[in-house]
Amino acid sequence: MCREGVPRGRQSCAQVHRTSTDSRWLLPCNLVSVNPADLRSAVRAAVAAVVDNGELSVPVPDEVTVERPKVKGHGDYATSVALQLAKPAGLPPRDVAALIKAQLERADGIDSVEIAGPGFLNIWLSGAALGQVVGEVLAAGAAYGTNEVAAGQNINLEFVSANPTGPIHIGGVRWAAVGDALARLLQASGAKVTREYYFNDHGAQIDRFARSLLAAARGEAAPEDGYGSAYIAEIAQRVTEQVPDVLSQDDPQEVFRDRGVSLMFEEIKASLHDFGVDFDVYFHENSLHDSGAVHRAIERLRGLGHMYVADGAEWLRTTQFGDDKDRVVIKSDGEPAYISGDLAYYLDKRERGFDRVIIMLGADHSGYVGRLMAMCEAFGDVPRVNLQILIGQLVNLVKDGEPLRMSKRNGTVISLEDLVEAIGVDAARYALVRSSADSQIDIDLDLWASAKSDNPVWYVQYAATRAASVLRHAADLDLAAGGEVALLTHPRESELMLALAEFPSVVATAAELREPHRVARYLEEKVAKSAQRFWDECQVLPKGDAQPEPTTAPRLLLWQATRVVLENGLGLLGVSAPERM
RNA sequence: GCGCUCAUAGCUCAGUUGGAUAGAGCAGCCGCCUUCUAAGCGGCAGGUCGCAGGUUCGAGUCCUGCUGGGCGCACCA
C-alpha cells in the first residue's frame with residue numbers, strides 16, 4: 001500500500017518483609033519498597049495472611065490492584081482489593097478491609113492504613129520507605145525505568161515508510177516521533193526491536209515521479225497526474241548535474257527514476273536522521289518483486305486454499321477472515337496488485353524471525369486494517385498478536401491562530417523541515433508524542449517555540465536544568481550528596497519521591513499499550529511538576545554564609561535522582577535534557 | 001449507503017485492565033521574589049464526560065441506538 005499520508009503524500013516478593021538489595025548503602029533495615037509492584041505483593045501477602053488464619057474464606061487473587069490515588073488525601077497508595085473480595089467472602093467490604101488493614105499495618109515501611117469510603121484501603125508509607133526510591137534510582141542510573149514486560153519479544157516496528165516522491169510531510173513526521181519513541185520504550189521493556197522503513201520504490205507513483213522529473217528537466221510543465229512542486233525541479237537539477245547528458249540518452253526517464261528516487265530517499269533519510277530517527281532496515285519493495293518473494297507468498301496462499309480465480313483475476317478470500325470484500329492479488333492483466341507486495345513483505349518479516357510485526361499507519365489507511373489482518377490470519381497467524389496495526393490521526397499546525405496548510409519551502413504540504421525550522425527538534429518530537437495517536441492534534445507553533453511553562457517541553461526541560469543547576473552549585477560549594485534519605489519528610493519531598501517511584505511502571509504500561517504519550521504526561525504532570533514544587537519550598541543550598549543543614553546532602557540525592565528520571569524519560573522520547581537553558 | 005475512529009472545563013488535551021469528590025495546562029481573578037534560574041510556585045473560579053437507553057453494588061471507561069467531526073470504501077499505489 002502507499003504508506004503516504006493523506007496529501008499523498010517489574011519479582012514478586014512473597015513476604016511483606018524484605019531486605020533491600022538495591023539501596024544497601026542507604027537503608028539497612030527491612031522495608032517495603034515504594035515500588036508499586038512490591039507494594040502490590042505486600043497487599044496480596046496481607047490478603048493471604050487473612051485467608052491463612054481463617055478470618056476470610058476466599059481464593060487469594062493472583063493480582064491485586066494498588067494505585068496512586070487520583071485525589072490527594074487518599075494515601076500514598078490505595079487499593080480496592082476489599083471491594084473486590086467482599087462478594088466472594090460474603091462480608092461487607094469495610095469488614096474485609098478491616099481484616100486486611102490489621103495485617104498490612106504490621107508491615108515495615110507502611111506508616112498507616114485507613115479504611116475509606118465503601119471499603120478502600122488508603123496506605124501511607126514511612127519516610128524511610130519512601131526515601132528508598134532515591135537509592136533505587138541512583139543505583140540503576142540510566143537503566144532506571146527499564147522493565148521486563150516485553151522481554152523475549154522480537155518486534156519489527158515499521159513506521160514512516162513515506163514514498164520517495166517528495167519530502168516527509170507532517171503526517172509522516174508524527175510517526176517518526178511516535179514510532180521512534182515506541183521503539184525506545186519497547187527496548188527499555190526488554191524487547192528486541194528492529195526499526196524498519198518500507199521503501200516504496202515500485203509502481204505507478206514512482207513512474208509519475210520519474211515523468212515529473214523528466215518534464216522539469218526539459219523545462220516542460222508537470223504531467224497532469226505528476227508532481228509539480230519546487231523540490232521536483234531541485235531533484236531534476238541534481239540529476240542533470242550527476243548525468244549531464246541525461247536528456248540525450250535512450251531512456252532518460254529511467255535515469256531520472258533511478259537517480260531521482262535515490263536522491264529523494266537520501267534526503268528523507270537525512271532529514272529523519274537530523275530528527276534523531278534512524279532505521280535498522282530500509283526495505284525496498286522492489287526487492288520483493290525481484291527476488292520472487294511475491295510469487296512465493298502467493299504460492300503459499302494457493303497451497304492453503306485461500307486463492308481463487310474470477311473475472312480473469314486471482315483473488316485472496318479475505319472475507320473468510322473478516323474483511324469487507326475479497327482482494328485481487330493478481331490483476332487480469334497478469335500483473336501483481338499492490339497487496340501482493342504486502343503479502344510478501346509480511347511473510348518476509350515473519351521468516352526473518354519477528355514474532356510481532358507492528359505497522360504504524362495514518363488515519364487515511366484505516367481501511368487497510370481489515371485486509372491486512374485477514375492476510376495475517378490467512379497465513380495461519382493470530383491477528384492483533386503477530387500483526388498489530390496502529391492508526392494515528394492527522395496533525396494540524398497552527399500559526400497565529402490559523403491552520404497552516406502549505407509549506408513555504410516548496411509550496412506543498414508541510415514537511416519535517418518546516419516543523420523543525422519553526423520549533424526545533426526537541427519541541428517537535430515532544431509535541432508529537434505528548435498526545436494519544438488516537439486524537440487529532442493541533443500544534444501551535446507560537447506556543448511550542450516559547451520559553452515559558454506554557455510550553456510543555458520547555459517546562460520539563462526546565463525542571464531538568466534546575467536539577468542540573470542545583471547540583472552544579474553544590475559541586476562549586478564542595479557539598480556532597482549523601483546522608484539519610486529518611487530525613488526527606490517534607491510533603492513536597494514525599495510527593496516527588498512517589499512520582500519517581502512510578503517511572504518503571506509508566507514505561508511498562510506505555511510500552512504494552514504502545515502509547516508513548518503516557519511517558520510525556522507523566523514527566524510533565526508528575527515529575528516536572530513535583531520537582532518545581534520541591535524547588536519552590538525546599539531550599540537545598542545554604543544561603544549566604546550559613547552552614548549546610550542535615551537535609552542538604554539528602555536533598556542533593558533527591559535532585560540527582562530527579563535528574564536521572566527526567567533524563568531517562570526525555571531520552572525515551574528522543575528529547576534532550578539540557579544542563580542549562 | 002457501509003466501515004473505522006474521535007467527542008471530557010471557554011481553549012488545548014490527560015484519564016489501560018469498570019471504583020472514592022472526573023484531572024492538568026492555557027485563558028480569567030487573587031496571592032508569593034534581600035532566597036539555588038519568578039523562564040517558577042500557591043489559591044479561587046470554571047463540567048448534564050455529545051444525546052438517549054442498557055449491563056453492574058459501581059460507568060468518562062463496557063454494550064446498543066442516535067447526533068456531530070475526521071478518515072476510508074479500485075483489477076490505484
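Naming: A, B, ... by sequence-line order, numbering from 1 per chain.
Of the options A/Phe199, A/Tyr198, A/Tyr197, a side-chain contact (heavy atoms from CB on, under 4.5 Å) to A/Phe283 is made by A/Tyr198 and by none of the others. When A/Val369, A/Val178, A/Leu182 are each tested for a side-chain contact (heavy atoms from CB on, under 4.5 Å) with A/Leu390, only one passes: A/Leu182. A/Asp323 pairs with exactly one of A/Glu377, A/Arg371, A/Arg317 by the side-chain contact (heavy atoms from CB on, under 4.5 Å) rule, that one being A/Arg371.
As rounded to the nearest Å, B/U61 and B/G15 have C1' atoms that lie 9 Å from one another. Taking atom C1' on both B/U12 and B/G58, the two are 31 Å apart, rounded to the nearest angstrom. Separating the P atom of B/G10 from that of B/A59 is a span of 24 Å, rounded to the nearest Å. Rounded to a whole angstrom, the distance from the P atom of B/G60 to that of B/U48 is 14 Å. Across the C1' atoms, B/G69 and B/C63 are found 23 Å apart, a figure rounded to whole Å. B/A22 and B/C51 have their P atoms separated by 16 Å, with the value rounded to a whole Å. Only the C1' atoms considered, B/G46 is 13 Å distant from B/C26, to the nearest whole Å. Taking the C1' atom of each, B/C76 and B/U17 are spaced 41 Å apart, rounded to whole Å.
Residue contacts shown for A/Asp476 are absent, as no nucleic acid heavy atom lies under 4.0 Å away. In this structure, A/Gln539 reaches the bases: a heavy-atom distance under 4.0 Å links it to at least one base atom across the strands shown. Contacts of A/Ala204 with the nucleic acid, taken as non-hydrogen atoms under 4.0 Å apart, involve only primed sugar atoms and P, OP1 or OP2. Here A/Asp438 lies in heavy-atom contact (under 4.0 Å) with sugar-phosphate atoms only. Among the heavy atoms of the strands, none lies under 4.0 Å from A/Asp444. Residue A/Ala78 is in base contact, counting any heavy-atom pair closer than 4.0 Å across all strands shown.
For A/Glu314, the side-chain contact (heavy atoms from CB on, under 4.5 Å) test picks out A/Arg302, A/Met307, A/Val309, A/Ile330, with sequence neighbours left out. Taking the salt bridge (Lys or Arg N to Asp or Glu O under 4.0 Å) definition, one finds that A/Asp426 meets it with nothing, sequence neighbours left out.
For the residue pair A/Tyr462 and A/Arg466, a side-chain donor N or O sits within less than 3.5 Å of a side-chain acceptor on the partner.
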Check step by step if salt bridge (charged side-chain N to carboxylate O under 4.0 Å, His left out) holds for A/Arg211 and A/Glu224. CA-CA 10 Å; A/Arg211 286 199 301 276; A/Glu224 236 174 275; over 6 Å; no

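Between the CD atom of A/Glu524 and the C1' atom of B/A24 there is a distance of 8 Å, given to the nearest Å. Spacing between atom CZ of A/Arg174 and atom P of B/C71 amounts to 14 Å, rounded to whole angstrom units. Nucleotide B/G58 holds its P atom 14 Å from the CZ atom of A/Phe120, rounded to whole Å. One interatomic measurement links the two molecules: CH2 of A/Trp175 to C1' of B/C71, which rounds to 13 Å at whole-angstrom precision. One atom, CG of A/Asp364, and another, P of B/C6, lie 16 Å apart when rounded to the nearest Å. As rounded to whole Å, 9 Å separates atom P of B/C73 from atom NZ of A/Lys325. Rounded to a whole Å, the NE2 atom of A/His365 is 14 Å from the C1' atom of B/A74. At whole-Å resolution of the value, CH2 in A/Trp559 and C1' in B/U37 are 11 Å apart.
Contact annotation: A/Ser469 reaches the phosphate of B/U37 (side-chain N/O to OP1 or OP2, under 4.0 Å).
Going from atom CD1 of A/Ile358 over to atom CD of A/Gln388 covers 5.0 Å, rounded to the nearest 0.5 Å. In this structure, NE2 on A/His490 lies 10.0 Å from OG1 on A/Thr551, to the nearest 0.5 angstrom.
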Dot-bracket for RNA chain B: what is it, with Watson-Crick or G-U pairs under 3.5 Å, [ ] where a pair crosses earlier ones, and | for a pair to another strand? (((((((..((((.....[...)))).(((((.......))))).....(((((..]....))))))))))))....

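Near RNA chain B, meaning a heavy atom under 4.0 Å away, there are no residues from residues 542-551 of chain A.
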Summarise protein proximity over nucleotides 10-15 of chain B in one line of letters, 5' to 3': B for base, S for sugar-phosphate only, - for none, counting protein heavy atoms closer than 4.0 Å. ---SSS

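Side chain of A/Asn286 to backbone of A/His202: no donor-acceptor contact under 3.5 angstrom is found. Between the A/Arg327 side chain and the A/Trp315 main chain, no donor and acceptor come within less than 3.5 Å of each other. Under a 3.5 Å cut-off, the side chain of A/Ser212 and the backbone N or O of A/Arg208 do form a donor-acceptor pair. Side-chain atoms of A/Asn147 come within 3.5 Å of backbone N or O of A/Val149 as a donor-acceptor pair. The main-chain N or O of A/Ser576 is found under 3.5 Å from a side-chain atom of A/Gln461 such that the two form a donor-acceptor pair.
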Between the protein and nucleotides 38-41 of chain B, are there any N/O to N/O pairs under 3.5 Å, and if so, what are the atom names and distances?
| residue | atom | partner | partner atom | Å |
| --- | --- | --- | --- | --- |
| B/A38 | OP2 | A/Arg466 | NH2 | 2.3 |
| B/A38 | OP2 | A/Trp535 | NE1 | 3.3 |
| B/A39 | O2' | A/Tyr462 | OH | 3.2 |
| B/A39 | N6 | A/Met581 | O | 3.4 |
| B/G40 | OP1 | A/Ser453 | N | 2.3 |
| B/G40 | OP1 | A/Ser453 | OG | 2.6 |
| B/G40 | O2' | A/Arg466 | NH1 | 2.9 |
| B/C41 | OP1 | A/Tyr459 | OH | 2.6 |
| B/C41 | O2' | A/Asp536 | OD2 | 2.7 |

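Nucleotide B/C33 carries a syn base; the chi torsion (O4'-C1'-N9-C4 or O4'-C1'-N1-C2) is within 90° of 0.
By the 4.5 Å heavy-atom criterion applied to side chains, A/Pro164 and A/Ile206 are counted as neighbours.
Under a 4.0 Å N-O distance rule, the pair A/Arg555/A/Glu493 qualifies as a salt bridge.
Closest-nucleotide positions on RNA chain B for A/Asp333 and A/Leu541 were compared, and the one nearer the 5' end corresponds to A/Leu541. Across the interface with RNA chain B, nearest-nucleotide mapping of A/Arg472 and A/Ala363 shows A/Arg472 to be the residue nearer the 5′ end.
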